[in-house]
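This report refers to the structure that appears directly beneath it.
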Amino acid sequence: MNYLLNHLERKISFLKSLNRKAELKPHLQAKLEFYLNLLLAYYWNKNLSSLELEDKEIVINEILRPSIGSIVSIIRKLDIENEIFGNKKAKKISTALDKYPGVRNQIIGHGYSYEDDIDNYLIKFEELISAIEDSDIWLINENYNLIYVDQTVNNINYGINYRSDGEYIAWQCPELVSEFQVKSLYIQKNDNEYHRISPFIYIKDESNFYTFCSIEEKLTGRTKYNKLISTGTYQLDNIELQSLLISDDGIKRKNSNGTVINSFKNNYNKYIDVGIASKIQNFLTKNNSSVYATLWGHGGVGKTASIQYVSQLLCQSQEKKFDYIIFLSAKDRYYNYYKGRIEKIDDNISSLDQIIQYINSIISNIPSFELESILNFEGKILLIFDDFETFSKEEKIKITDFISRLNINHHKVVITTRSANLITGIEIQTSELTQDETVRFFLEALKNEFPQFNRELMEKELLKEDFKEKIHEITSGRPLFILQLAVLLVQTSNLKDIILNDIKSGVENPVQIAPFCQV
């Protein structure tokens, strides 16, 4: 028994005592499916990283919008030590789990179930629940507390202990006892034994608790939960589910749709659309007339962020569009909007030889200078050359010649540049934001970068035209400067004060800031 089951069982007993069969139906279903989610949560955290790559890929793809049958299938794959499936002592529970999807479809998913069939419904669910509860699995038949880890301060973890008797108390535990992830839920089996069950079981507060339903949006990890005991759903962005990967060796990572992408740091915390992501995506997925496109515009208007965002979209899509996506940056400096200054980048690419060597290291694990292996690649490769104008004139010629030799059936190339003189292929132009777009971006930036900041007063002020005009004037409608303005606002909490700043004059020659922006 645990805190959630305690509350659920109390409600079930109450409904039985009043013979409220119609109300009892969904509660029995919720109890049975809570057991499913509990098993999923436990084995997911325990064994996902130990799965063979092929099985891991299947599990990750099935978890997106799972049916009851696929949840049972996932638990079976995650049960790599045969604690349930293949264990004679757990025959009842394995049989019940295998049987439930068919029973559920028969009496819920297909056809109709009226009041005259309610006794049959209740009998079947209670039989399955009894089979599960009669097992020797400790997760099902032992009492344990649920621990929500809220924060860590001075090597001490603090949170809430949801006790098996249905009560809750404050909890704390030294970090030396066990490793915890903050904002996660754990089973406390014994005093010092903890098992994580997030993100599939979620306790919002002492009277609102939920179980996993589906991943509604893979790119953000937005997860839908079903409420236990009463009707309702809840959606939450899970970074953990957002970054589901098949493998990651620190150099490249394979995503659930099979796309392999090299490791690089996105230069945004959460992407804010500047109006060009869809154009880039259309070129990469629908255009068959050109191998490459040029994404150009002033510094700080969102070129790099947009192509990085589209790369992530391609990695998270259901259908694999590219076998490999390789992002290469020639950028040798960037504008740090938190500090308001230009900083140097040391690991940039500066030559075609480096490009070829790096591409080969990703697609064949051999850092060779062999050009033919890339030209003759029979799959599909997307190559991105960021900040193209930074290359020397000689290297630009070499790289352009290399691109011209690529096969449109197997290769796509996107270059980003500030120079209008370097436009070739399909042209995708970026530009500064309008006044209204600047305000929208500003509010989104505050929300993404500083979620705890109170934005309500700012939103009222920003409805005034003079504020819109001033913010647009001092940022030139460039996302990078808008982000810096958001940083300044959080430090002062006074919109009237920050619009007196000219953030573009933070260096001796403000005209030179823009070429080094990398948003």
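- F322 carries K380 over the face of its six-membered ring, with the cationic atom under 6.0 Å from the centre and within 45° of the normal.
- Here the straight-line distance linking atom CG of L36 with atom CD1 of I74 works out to 11.0 Å at 0.5 Å rounding.
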Point to revise | S373/N360 under side-chain hydrogen bond (donor to acceptor under 3.5 Å, both in side chains): CA gap, chis, key distance, verdict | key: CA-CA 8 Å; S373 61; N360 280 320; 2.6 Å; yes
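- Listed for the N282 side chain is no donor-acceptor partner under 3.5 Å among the backbone atoms of K286.
- Under the 3.5 Å distance criterion, with hydrogens and angles disregarded, no donor-acceptor pair is assigned to the side chains of Y271 and Q308.
- Under a 3.5 Å cut-off, the side chain of S306 and the backbone N or O of G302 do form a donor-acceptor pair.
- From I374, atom CD1 reaches atom CZ of R405 across 10.5 Å, with rounding to the nearest 0.5 Å.
- Remark: E54 CD is loosely packed, at most 12 non-hydrogen atoms of other residues, nucleotides or ligands lying under 6.0 Å away.
- In this structure, D387 CG and L328 CG are separated by 12.5 Å, a value rounded to the nearest 0.5 Å.
- With hydrogens and angles disregarded, a donor-acceptor distance shorter than 3.5 Å links the side chain of T400 to the backbone of K396.
- In this structure, the side chain of D150 does not engage the main chain of K183 through any donor-acceptor pair within 3.5 Å.
- In summary, the side chains of T434 and E437 do present a donor paired with an acceptor at a separation below 3.5 Å, with no hydrogens or angles considered.
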**Study point:** Verdict with supporting geometry, D332 and T390, side-chain hydrogen bond (donor to acceptor under 3.5 Å, both in side chains)
**Key:** CA-CA 8 Å; D332 58 2; T390 306; 4.9 Å; no
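- Judged by the 6.0 Å distance and 45° axis criteria, K224 is not positioned over the aromatic ring of Y234.
- Using a cut-off of 4.0 Å between Lys/Arg side-chain N and Asp/Glu carboxylate O, E343 and R341 are scored as salt-bridged.
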**Study point:** Chi angles and distances behind the side-chain hydrogen bond (donor to acceptor under 3.5 Å, both in side chains) call for W296, Q429
**Key:** CA-CA 5 Å; W296 74 281; Q429 183 178 1; 4.6 Å; no
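- The existence of a salt bridge linking E444 and R440 is excluded, since no basic side-chain nitrogen approaches an acidic carboxylate oxygen closer than 4.0 Å.
- E432 has a carboxylate O that lies under 4.0 Å from a charged side-chain N of R478, or vice versa, which qualifies the two as a salt bridge.
- For F209 and Y202, the distance between ring centers is not under 6.0 angstrom.
- Taking 4.0 Å as the cut-off between side-chain N and carboxylate O, K46 and E83 count as a salt-bridged pair.
- Checked by atom type and distance alone, the side chain of N257 never pairs as donor or acceptor with a backbone atom of Q318 at under 3.5 Å.
- Judged by distance alone, with hydrogens and angles left aside, the side-chain atoms of H410 form a donor-acceptor pair with the main-chain N or O of G379 at under 3.5 Å.
- Heavy atoms of other residues, nucleotides or ligands lying less than 6.0 angstrom from NZ of K447 number 12 at most.
- Between K393 and E395, no side-chain nitrogen of the basic residue sits less than 4.0 Å from a carboxylate oxygen of the acidic one, so the salt-bridge criterion is not met.
- Classification of D436 and K468 as a salt-bridged pair holds, one side-chain N sitting under 4.0 Å from a carboxylate O.
- Aromatic ring pairs are classed by plane angle as parallel below 30°, tilted from 30° to 60° and perpendicular above 60°; the pair F402 and F385 is tilted.
- Taking the charged nitrogens against the carboxylate oxygens, R196 and E240 do have a contact shorter than 4.0 Å, which makes a salt bridge.
- For the pair K303 and D386, the salt-bridge criterion is not met [side-chain N within less than 4.0 Å of a carboxylate O].
- No hydrogens or angles considered: nothing links the side chains of T294 and E427 as a donor-acceptor pair under 3.5 Å.
- With rounding to the nearest 0.5 Å, the separation of CD1 in I359 from OG in S368 is 10.5 Å.
- Checked against the 6.0 Å centroid threshold, H195 and Y42 count as a close aromatic pair.
- Judged purely by atom type and a 3.5 angstrom limit, D323 has no side-chain atom pairing as donor or acceptor with the backbone of I381.
- Across I428, L284, V310, a single residue satisfies side-chain contact (heavy atoms from CB on, under 4.5 Å) together with K279, and that is I428.
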Point to revise | salt bridge (Lys or Arg N to Asp or Glu O under 4.0 Å) between K321 and E319, worked out | key: CA-CA 6 Å; K321 298 293 185 180; E319 182 184 354; 3.5 Å; yes
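- Side chain of R65 to main chain of E216: a donor-acceptor pair is present (N/O by atom type, distance under 3.5 Å, no hydrogens or angles).
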Practice item. Please test E52 against K56 for salt bridge (Lys or Arg N to Asp or Glu O under 4.0 Å), starting from the C-alpha separation and ending with a verdict. Key: CA-CA 6 Å; E52 297 291 335; K56 189 177 180 183; over 6 Å; no
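- Taking 4.0 Å as the cut-off between side-chain N and carboxylate O, K270 and E449 do not count as a salt-bridged pair.
- To the nearest 0.5 Å, the span separating OG1 on T416 from NZ on K331 amounts to 6.0 Å.
- Around the CD atom of E179, the shell of radius 6.0 Å holds no more than 12 heavy atoms that belong to other residues, nucleotides or ligands.
- Defined by atom type and a distance below 3.5 Å, a donor-acceptor pair is missing between the side-chain atoms of T233 and Q235.
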**Study point:** S351 and D353: CA distance, side-chain angles, deciding distance, side-chain hydrogen bond (donor to acceptor under 3.5 Å, both in side chains) verdict
**Key:** CA-CA 5 Å; S351 69; D353 283 345; 5.3 Å; no
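- The backbone N or O of K339 sits less than 3.5 Å from a side-chain atom of N336, completing a donor-acceptor pair.
- Note: L40 CG to T211 OG1 = 10.5 Å, rounded to the nearest 0.5 Å.
- Under 4.0 Å is where a charged nitrogen must lie from a carboxylate oxygen, and between E62 and K77 no such pair does.
- Of all the heavy atoms in L433 and P479, the pair that sits closest is CD1-CG, 4.3 Å.
- Other residues, nucleotides and ligands contribute only 12 or fewer heavy atoms inside 6.0 Å of the CD atom of E378.
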